Protein chains: 2
Amino acid sequence: MAVPRAAKTQRRTRIQEEKEEIILQAALDVFSTKGFLGSTIDQIADVAGMSKPNLLYYFRTKEAMHRVLMDRLLANWLEPLRAFDADGDPREEICSYIRRKLEMARDFPRESRLFANEILQGAPNIEDVLKGSLKDLVDEKVEVIRSWIASGKLAACDPYHLIFSIWSTTQHYADFDVQVRAVLGGNDSDDHRFEAAAQFLENLFVRGLKLGG
Amino acid sequence: MAVPRAAKTQRRTRIQEEKEEIILQAALDVFSTKGFLGSTIDQIADVAGMSKPNLLYYFRTKEAMHRVLMDRLLANWLEPLRAFDADGDPREEICSYIRRKLEMARDFPRESRLFANEILQGAPNIEDVLKGSLKDLVDEKVEVIRSWIASGKLAACDPYHLIFSIWSTTQHYADFDVQVRAVLGGNDSDDHRFEAAAQFLENLFVRGLKLGG
DNA sequence: GTCTATAAGGCGATAGAC
DNA sequence: GTCTATCGCCTTATAGAC
């Protein structure tokens with residue numbers, strides 16, 4: 001029997017991968033609501049439906065689970081921004097960016113909260129990523145927005161704060177979900193909330209940035 | 001010597017109040033970055049510059065400190081929204097609301113993060129407040145916005161999502177401060193960042209909501 | 001009021017049987 | 001691979017001297 005921790009070069013069996021995935025999903029559940037420090041291995045093991053020593057057979061430490069989740073997250077988190085196309089129509093690009101970010105908040109709220117927890121606590125593990133690949137990507141897209149402004153397709157504005165405002169408004173629906181639901185009351189379905197948010201934000205940014213159609 | 005825990009009806013001395021204030025400031029420091037669960041009394045005592053038993057002489061439990069901080073926060077947090085005046089000019093009201101919220105993010109970032117931590121973790125202690133006084137206040141202001149829309153002073157939009165978008169964009173500068181700084185680089189002063197954000201958001205909302213002026 | 005010492009329990013991680 | 005048992009540390013909170 002291949003032992004995961006001793007067989008780094010060896011292919012994992014399908015069953016092992018499935019178990020690891022169950023654990024990671026449980027860890028995501030717990031980390032995203034309690035934060036890394038506030039989570040216990042017992043809680044994760046409980047959600048995963050296994051004993052603590054059994055879980056620790058697959059992931060030697062709490063940090064190991066968190067590291068895998070953060071790596072995965074960072075690999076996917078910026079995809080929507082990468083898709084931002086300099087040759088596309090500004091209105092189309094910005095609207096579809098907003099929509100994709102809203103979809104991520106709706107479909108992957110735990111990932112959004114995991115990220116929010118990390119940033120909120122000072123980003124101890126990913127500060128280099130923020131100052132490195134994240135900043136590089138943002139700087140690149142800021143230049144795209146500046147070129148759109150220069151050619152009159154977009155109202156003059158600070159591109160950095162434009163990006164911040166799209167991030168914050170969309171992620172809000174995942175990170176502050178409890179508050180949003182409390183304020184809207186129980187009568188608002190998930191689908192309706194999503195559509196209402198999309199429509200409001202699309203209008204706000206199209207008009208606010210003077211994006212022609 | 002009056003002992004705080006035994007003298008609930010007795011007036012606290014000025015020195016006692018000062019000590020309690022030092023402790024609460026230290027607790028706010030730690031809670032706002034580590035979250036309640038991730039914080040330890042040792043860390044708070046360390047920041048406060050006193051021993052753990054000494055701290056526990058003033059606040060019997062970790063919860064006691066957190067409760068006082070949350071009570072204070074909730075008492076002040078909604079002041080800017082309360083100031084929203086139905087008889088005022090919509091453009092003025094919304095712009096000054098944005099500015100006040102941005103000032104709070106700049107001047108009280110720890111309070112903002114304390115609140116964010118609480119919501120992010122499912123608002124275990126304040127769900128009744130969210131569904132009660134918070135929802136009531138928002139509902140009231142939503143009606144104000146609706147009346148403005150009805151009289152043509154404001155573009156038609158969903159008032160709830162308008163409020164959410166102001167909350168999220170302004171609080172972002174406190175809650176995601178580490179990310180904002182990383183992306184903007186070290187050359188951006190606090191004042192410049194604040195002014196740039198205020199100007200961007202003011203433009204976005206004034207144009208996005210078709211607020212005349 | 002503040003200290004040292006410590007009780008009592010939670011938690012991360014390991015040992016070793018099966 | 002999974003379990004029971006446990007080590008050792010950390011953390012909350014208290015006891016009691018000063």
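Chain letters run A, B, ... following the sequence lines, proteins first and then strands; every chain starts at 1. Nothing here was measured: the structure is a model prediction, and the numbers come from that model.
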Using the ring of each side chain (for Trp, its six-membered ring), is A/Phe164 parallel, tilted or perpendicular to B/Tyr173, with breaks at 30° and 60°?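 Correct class here is perpendicular.
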From [atom1] of [X] over to [atom2] of [N], roughly how many Å is that when rounded to an integer?
X       : N      : atom1 : atom2 : answer
A/Asp46 : C/dG12 : CG    : C1'   : 17 Å
A/Arg60 : D/dG1  : CZ    : P     : 16 Å
A/Gln43 : C/dC11 : CD    : P     : 7 Å
B/Lys62 : D/dA13 : NZ    : C1'   : 12 Å
A/Glu63 : C/dA13 : CD    : C1'   : 11 Å
A/Ile44 : C/dG12 : CD1   : P     : 8 Å
B/Asp42 : D/dC9  : CG    : P     : 16 Å
B/Ile41 : C/dA8  : CD1   : C1'   : 14 Å

Closest listed nucleotide, where the reference is the side chain of B/Leu56 and the choices are C/dG1, C/dA13, D/dA13: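 The closest nucleotide is D/dA13.
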Could you name each residue pair satisfying side-chain hydrogen bond (donor to acceptor under 3.5 Å, both in side chains) that touches residues 78-88 of chain B, not counting sequence neighbours?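 Sorted result for residues 78-88 of chain B: B/Glu79-B/Arg82.
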With sequence neighbours excluded, tell me which residues meet ring pair (Phe, Tyr, Trp, His ring centres under 6.0 Å) with A/Phe84.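 With sequence neighbours excluded, A/Phe84 shows a ring pair (Phe, Tyr, Trp, His ring centres under 6.0 Å) to A/Tyr97, A/Trp148, given in chain and number order.
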Checking A/Phe205 now: which residues fulfil ring pair (Phe, Tyr, Trp, His ring centres under 6.0 Å) with it, not counting sequence neighbours?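 Here no residue qualifies.
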Taking only the side-chain nitrogens and oxygens of A/Gln16, find out if one of them lies under 4.0 Å from OP1 or OP2 of D/dG1.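 Yes, within the criterion.
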Return the set of residues passing salt bridge (charged side-chain N to carboxylate O under 4.0 Å, His left out) with [X] (not counting sequence neighbours), or none when no residue passes.
X        : answer
A/Glu195 : A/Arg99
B/Lys62  : none
A/Asp190 : A/Arg181, A/Arg193
A/Arg72  : A/Glu21

Given protein heavy atoms under 4.0 Å, the one-letter contact record of nucleotides 2-8 of chain D, with B base, S sugar-phosphate only and - none, is simply BBBB---
What are the residues of residues 21-40 of chain A, sorted by number, that bring a heavy atom to within less than 4.0 Å of DNA chain C?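 Contacts with DNA chain C under 4.0 Å: A/Ser39, A/Thr40.
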State, without any angle test, whether A/Glu118 and A/Asn125 hold a side-chain donor-acceptor pair at a distance under 3.5 Å.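 A/Glu118 vs A/Asn125: donor-acceptor pair found between side chains.
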